[in-house]
Amino acid sequence: MKTVNGKTVLITGASRGIGASCAEKFAKNGFSVVINYKSNSEKAENVAKSCLSLGAPSALTVKADVSVGSEVDALYCACKNMYVDTLVLNAGVALYSLFQDVSEQEYDRIMDTNVKGAFLTVKKFLPDMISKKRGNIIIISSMWGQTGGSCEVVYSASKAALIGMTKALAKELGPSGIRVNCIAPGVVETDMVASLGKDTLASLAEDTPLCRNAVSDDIANAVYYLASDEASFITGQVLAVNGGLLT
Ligand code: NAP
């Protein structure tokens, strides 16, 4: 894989939504991009085409379920000819349900995707970053990880775990020249929240001081900022990108 500025970003869960916007933002800024996804090959290929047209030197799509160690190993192997210096840990799933109705299988699916997925991906890509003493990790949490969301207890717990992971990893990896930060988005209009329905989304927008819900680009801009040299003395932080909701 060629790189113009020598930079390559891997974004997990980049076939749509926030991940796809992140891929396009990095592409516009000259990064080579690796677009991971779980099942939507066609959407992932479209994101790759868009990244190339926006200026990415190369765009690779890799199907891998980040909650499965052997698939993360295969994701790493697919990237073996390049140095991934920026990781955006974005793949995630949500569940809206009363706490008592959540099954053990649903608990495992949420925690395995959101938390174990981040753990496995960092673990695999970290040794190269440490040996080069350079790297950037951005983790996508949620405002519910900061405040707790009713009917989203397991999701909130998974996103709170990612905040802990960010803060602890930042301390451990700072001396190796690797920064670790976290974004806590508010309501972002993607497939993930579509099931809430138009009326609920409109009332969430009304409750937001900036009077709208986020679009994926709002989050991608913040992710790119944290990955950039403009943020070179920022690590271990949680940046709330929520339009003023719940702050
Ligand atoms: P989305 O539109 O539902 O997209 C989810 C992405 O994650 C898709 O690319 C999907 O791939 C991928 N994915 C899911 N499970 C995966 C797995 N096991 N392995 C690899 N990829 C997987 O979600 P989104 O709204 O963009 O959310 C992105 C992140 O932001 C999530 O971590 C979410 O929790 C967080 N977030 C979202 C909101 C919001 O309001 N939307 C708010 C706060 C935080 P396929 O297309 O192949 O299924």
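Ligands are counted one by one from 1 in listed order, and the atoms in each one are counted from 1 as well. Keep in mind that the numbers below use all heavy atoms, side chains included, and drop hydrogens, waters and symmetry copies. No experiment lies behind these values; they were computed from the predicted model shown.
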**Prompt:** Is there a donor-acceptor pair under 3.5 Å between the side chain of Asn90 and the backbone N or O of Thr12?
**Reply:** yes
**Asked** In terms of atom number and element, which parts of ligand 1 are under 4.0 angstrom from non-hydrogen atoms of Val187?
**Response** 40 (O)
**Prompt:** Is the shortest side-chain N to carboxylate O distance from Arg16 to Asp191 below 4.0 Å?
**Reply:** yes
**Request:** Answer side chain, backbone, both or neither: which part of Asn36 comes under 4.0 Å from ligand 1, heavy atoms only.
**Result:** side chain
**Prompt:** If we ignore angles and hydrogens, is there a donor and acceptor under 3.5 Å between the side chains of Thr113 and Ser67?
**Reply:** no
**Prompt:** Heavy-atom contacts under 4.0 Å between Trp144 and ligand 1: side chain, backbone, both, or neither?
**Reply:** neither
**Request:** Check each of Tyr76, Tyr83, Phe119 against Phe125 using the ring pair (Phe, Tyr, Trp, His ring centres under 6.0 Å) test, and report the only one that passes.
**Result:** Tyr76
**Request:** Establish, yes or no, whether the cationic atom of Lys43 lies under 6.0 Å from the six-membered ring centre of Tyr37 and within 45° of the ring axis.
**Result:** no
**Prompt:** Do Asn40 and ligand 1 have an N or O pair less than 3.5 Å apart?
**Reply:** yes
**Asked** Taking a hydrophobic cluster as the set of Ile, Leu, Val, Met, Phe, Trp and Tyr residues connected by side-chain heavy atoms closer than 4.5 Å, whether directly or through intermediates, do Tyr225 and Val88 fall within one such cluster?
**Response** yes
**Request:** May I ask you to list the atoms of ligand 1 that are less than 4.0 angstrom from any heavy atom of Lys38?
**Result:** 11 (O), 15 (N), 16 (C), 17 (C), 18 (N), 19 (N), 20 (C), 21 (N), 22 (C), 45 (P), 47 (O)
**Minimum-distance protein heavy atom relative to atom 6 (C) of ligand 1** = Gly13 O, 3.6 Å
**Message:** Regarding ligand 1, does Tyr37 bring an N or O atom to under 3.5 Å of one of the ligand's N or O atoms?
**Reply:** no
**Protein contact to atom 19 (N) of ligand 1 [nearest heavy atom, distance to 0.1 Å]** = Val66 N, 3.0 Å
**Message:** Can you confirm whether the side chains of Ser158 and Asn114 place a donor and an acceptor under 3.5 Å from each other?
**Reply:** yes
**Proximal ligand 1 atoms for Ala64, defined as those under 4.0 Å from one of its heavy atoms** = 19 (N), 20 (C)
**Message:** Give me the residue, atom name and distance of the protein heavy atom closest to atom 47 (O) of ligand 1.
**Reply:** Ser39 N, 2.6 Å
**Request:** Could you tell me whether the side chains of Thr86 and Asn136 share a donor-acceptor contact shorter than 3.5 Å?
**Result:** no
**Request:** Please confirm whether Pro185 comes within less than 3.5 Å of ligand 1 when only nitrogen or oxygen atoms on both sides are compared.
**Result:** no
**Message:** For Val34 versus Cys79, what's the shortest heavy-atom pair and its separation?
**Reply:** CG1-SG, 3.9 Å
**Complete:** Ranking Ile140, Ile219, Leu162 by closest non-hydrogen atom to atom 35 (C) of ligand 1, top hit is Ile140
**Message:** Tell me the closest heavy-atom pair linking Met192 and Gly92, and the distance in Å.
**Reply:** CE-O, 3.4 Å
**Asked** Going by heavy atoms in the side chains, are Cys51 and Glu24 under 4.5 Å from each other?
**Response** yes
**Prompt:** If you measure from each non-hydrogen atom of Glu189 to ligand 1, which part falls under 4.0 Å: side chain, backbone, both or neither?
**Reply:** neither
**Message:** For the 3.5 Å polar cut-off, considering only N or O atoms, please tell me whether Ile18 and ligand 1 meet it.
**Reply:** yes
**Request:** Report the nearest protein non-hydrogen atom to atom 5 (C) of ligand 1: residue, atom name, distance rounded to 0.1 Å.
**Result:** Gly92 O, 4.0 Å
**Request:** Could you tell me the residue and atom name of the protein heavy atom closest to atom 18 (N) of ligand 1, and the distance to it rounded to 0.1 Å?
**Result:** Asp65 OD1, 2.9 Å
**Message:** If you measure every N or O of Ser67 against every N or O of ligand 1, does any of those distances drop under 3.5 Å?
**Reply:** no
**Request:** To the nearest 0.5 angstrom, please state how far the OG1 atom of Thr166 sits from the CD atom of Gln237.
**Result:** 10.0 Å
**Request:** Give the single entry among Ser142, Gly186, Gly149, Ser158 that approaches atom 42 (C) of ligand 1 most closely by any heavy atom.
**Result:** Gly186
**Prompt:** Would you say Glu71 contacts ligand 1, with heavy atoms under 4.0 Å as the rule?
**Reply:** no
**Item:** Residue, atom name and distance, where the atom is the protein heavy atom closest to atom 10 (C) of ligand 1
**Value:** Arg16 NH2, 3.8 Å
**Prompt:** What about Val241 and Leu226, same hydrophobic cluster or not, with Ile/Leu/Val/Met/Phe/Trp/Tyr joined at side-chain heavy-atom distances under 4.5 Å?
**Reply:** yes
**Top protein contact for atom 15 (N) of ligand 1, by heavy-atom distance** = Thr113 CG2, 3.7 Å
**Item:** Candidate with minimal heavy-atom separation from atom 21 (N) of ligand 1, of Gly145, Ala91, Ser15
**Value:** Ala91
**Message:** I'd like the name of whichever of Ser141, Gly17, Gly19, Ala194 reaches closest to atom 44 (C) of ligand 1 through any heavy atom.
**Reply:** Ser141
**Ligand-side contact atoms (ligand 1) for residue partner Tyr155, heavy atom cut-off under 4.0 Å** = 33 (C), 34 (O), 35 (C), 36 (N), 43 (C), 44 (C)
**Prompt:** So if you build clusters from Ile, Leu, Val, Met, Phe, Trp, Tyr with side-chain heavy-atom gaps below 4.5 Å, do Val93 and Val66 land together?
**Reply:** yes
**Complete:** atom 31 (C) of ligand 1 sits nearest the protein heavy atom Asn90 O, 3.2 Å
**Request:** Between Ala14 and ligand 1, find which residue part has any heavy-atom pair under 4.0 Å and reply side chain, backbone, both or neither.
**Result:** backbone
**Asked** Residues two or more places apart in sequence or in another chain: which of them pass side-chain hydrogen bond (donor to acceptor under 3.5 Å, both in side chains) with Lys159?
**Response** none
**Asked** Where does Ala44 meet ligand 1, judged by heavy-atom distances below 4.0 Å: at the side chain, the backbone, both, or neither?
**Response** neither
**Request:** Check which hydrophobic residues are tied to Val238 through side-chain heavy-atom contacts below 4.5 Å, counting indirect links as well, and list them.
**Result:** Ile163
